[in-house]
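Please read the structure below before turning to the comments.
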Amino acid sequence: MTRVLIVGAGLTGSLCACLLRREMQSKVHIVVWDKARGSGGRMSTSRPPDSLSHSADLGAQYVTTTSSYALSHFRFYSELLSAGVFQPLDSLVEGQKHKDGNQDYMTPLGMSSVVKHFLSQSGAHLFFEHHVTGLYRRGASWEVQRKGGSEMFDAVVLTMPAPQILQLLGDLDQMLSVQQKQQLEGVEYSSRFAVALFFPPDVVFSFPWTARYVTDNPCVCYIAADSRKRNADVPGRGPSLVVHTSIPFGRKHLEEDKEDVQPIILKELNKLLPGLPQPISIKCQKWRYSQVLTSVPDCPGHMTVHDRPLLVCAGDSFVHSNFDGCVESALSALSVLKDSL
């Protein structure tokens, strides 16, 4: 049985694992590693400190698809809608720039539920806090080193951001062609901070919108009543609020500790929402690699670094940072895996 390692338990990695299981069934032993303590990647959902508040999406907020993607990726939308993972987003998003034919979907259980759905369908052996540090070719296999040990695999799919791929030790650097290395080095990401505020059960937001895009603030670019967005405002549990900073603000403060940046964000938030009640807990997240600004050119969804043993790079570095982009990358990586294995 072929041992396949997928590095990254985000959307691309989870969907790739799911499709590989469905296509090759018992022919592969699928393992997924992620350096974080939970799945989701940039579709992460943060738990509240206790059961008094709702959870909050600190990364992706909702899914927007075009009419063409809705058609070409119909099976995935249909599956997620049938499973209750997706529901149409029909509440007010103030300042949203929407094109005709676009459709928005929210996730009642948070954005990480999308990733968890595909992981549950994959049958993969999932390991968290497995931080990959190096790749070494050992004959017809890869020795994949992580903090704390190493294991052998017949094929490896890397779905982390391009800058993290380039940091890996071992034989990868020698196997990348000059062109491939330049392509990976050319990937650019935006950076931003996200803050989640968790409120007690007696708090009711007075503003009418579910989410609001802010254009006249140097710090804050987006605010969402996250529990309202997911139709999760119920008695006995407090609401949650999510704030995203602008790209220029994220770039300016990127190398600072998030604990030092959080008060600046909260000060600007209170200017935009004066009289906001006191939260019972706050969580700040720094997204060094938030969204792809410049992707790898001429690599539709993936990059094959080595054929035998197979080493493939995938993820939004090779497409664009949204649901459909990650689906495209997972499908592209799957095609290579099927041909090779």
Side-chain angles (χ1 to χ4, degrees), residues 10-11 36 38 40-50 52-64 87 89 91-96 104-115 190-201 203-215 217 219-234 237-247 249-250 253 258-259 261-291 321-323:
L11 180 54
R42 278 162 283 161
M43 297 184 80
S44 68
T45 303
S46 181
R47 296 178 180 178
D50 53 48
L52 293 176
S53 302
H54 281 285
S55 60
D57 291 323
L58 276 172
Q61 293 295 295
Y62 54 90
V63 170
T64 299
Q87 286 184 13
L89 175 62
S91 52
L92 176 61
V93 179
E94 190 176 280
Q96 183 186 47
D104 297 326
Y105 297 100
M106 60 84 173
T107 50
L109 298 178
M111 292 300 292
S112 66
S113 63
V114 180
V115 172
S190 63
S191 302
R192 68 176 77 243
F193 291 83
V195 177
L197 294 85
F198 304 97
F199 294 90
V203 168
V204 178
F205 296 142
S206 59
F207 46 83
W209 40 264
T210 290
R212 174 188 169 191
Y213 287 92
V214 181
T215 58
N217 186 279
C219 171
V220 176
C221 73
Y222 173 88
I223 310 171
D226 207 53
S227 48
R228 183 183 293 175
K229 178 190 69 183
R230 296 192 255 138
N231 295 331
D233 280 333
V234 294
R237 183 171 294 181
S240 54
L241 190 75
V242 171
V243 183
H244 282 185
T245 68
S246 65
I247 295 174
F249 180 90
H253 297 276
K258 60 185 181 181
E259 291 78 12
V261 179
Q262 178 179 305
I264 304 173
I265 302 171
L266 295 178
K267 181 179 179 180
E268 294 299 322
L269 174 63
N270 281 286
K271 290 179 183 178
L272 294 165
L273 298 177
L276 187 69
Q278 185 69 25
I280 56 176
S281 181
I282 301 173
K283 181 174 183 179
C284 185
Q285 172 75 42
K286 180 195 295 185
W287 293 111
R288 180 174 293 273
Y289 306 113
S290 177
Q291 290 178 302
S321 298
N322 59 20
F323 177 83

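These numbers come from a predicted model, not from an experiment. If you read the sequence from its start, that first residue is 1, and numbering goes on from there.
To the nearest 0.5 angstrom, T107 atom OG1 is 9.0 Å from Q61 atom CD. The distance from atom CD1 of I247 to atom CD of Q291, rounded to the nearest 0.5 Å, is 7.0 Å. Annotation: the span from I265 atom CD1 to H253 atom NE2 amounts to 8.5 Å, rounded to 0.5 Å. Note: K283 NZ to Q262 CD = 11.5 Å, rounded to the nearest 0.5 Å. One finds the CE atom of M111 at 12.0 Å from the CG atom of L109 (value rounded to the nearest 0.5 Å). Rounding to the nearest 0.5 Å gives a distance of 10.5 Å between OG of S44 and CZ of R42.
In this structure F193 satisfies the ring-ring contact (aromatic ring centres under 6.0 Å, His included) test with no other residue, sequence neighbours excluded. Every residue two or more places apart in sequence or in another chain that forms a salt bridge (Lys or Arg N to Asp or Glu O under 4.0 Å) with R230 is listed here: D57, D226. The salt bridge (Lys or Arg N to Asp or Glu O under 4.0 Å) check on R288 picks up E255, with sequence neighbours excluded.
R212 places a side-chain heavy atom less than 4.5 Å from the side chain of L272. F199 places a side-chain heavy atom less than 4.5 Å from the side chain of F205. Taking the side chain as every heavy atom from C-beta outward, R192 and Y222 never approach each other to under 4.5 Å. With contacts defined as side-chain heavy-atom distances shorter than 4.5 Å, the pair S240/S53 does not qualify. Here the side chains of P201 and L52 are in contact, with some heavy-atom distance below 4.5 Å. For the pair F323/V114, a side-chain contact is recorded, criterion being any heavy-atom separation below 4.5 Å from C-beta on.
Considering all non-hydrogen atoms of both residues, P239 and H54 come closest at CA-CD2, 4.5 Å.
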(request) Start with the C-alpha gap between L241 and L269, add the side-chain angles, then the distance that decides, and say whether side chain to side chain contact (heavy atoms under 4.5 Å, CB included) holds. (result) CA-CA 11 Å; L241 190 75; L269 174 63; 4.2 Å; yes

(message) Would S91 and M106 count as a side chain to side chain contact (heavy atoms under 4.5 Å, CB included) here? Give the steps.
(response) CA-CA 10 Å; S91 52; M106 60 84 173; over 6 Å; no

(request) Mind running side chain to side chain contact (heavy atoms under 4.5 Å, CB included) on T64 and Y62 for me, showing each step along the way? (result) CA-CA 7 Å; T64 299; Y62 54 90; 3.3 Å; yes

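Screening S112, S55, S113 for a side-chain hydrogen bond (donor to acceptor under 3.5 Å, both in side chains) involving T45 leaves a single residue, S112.
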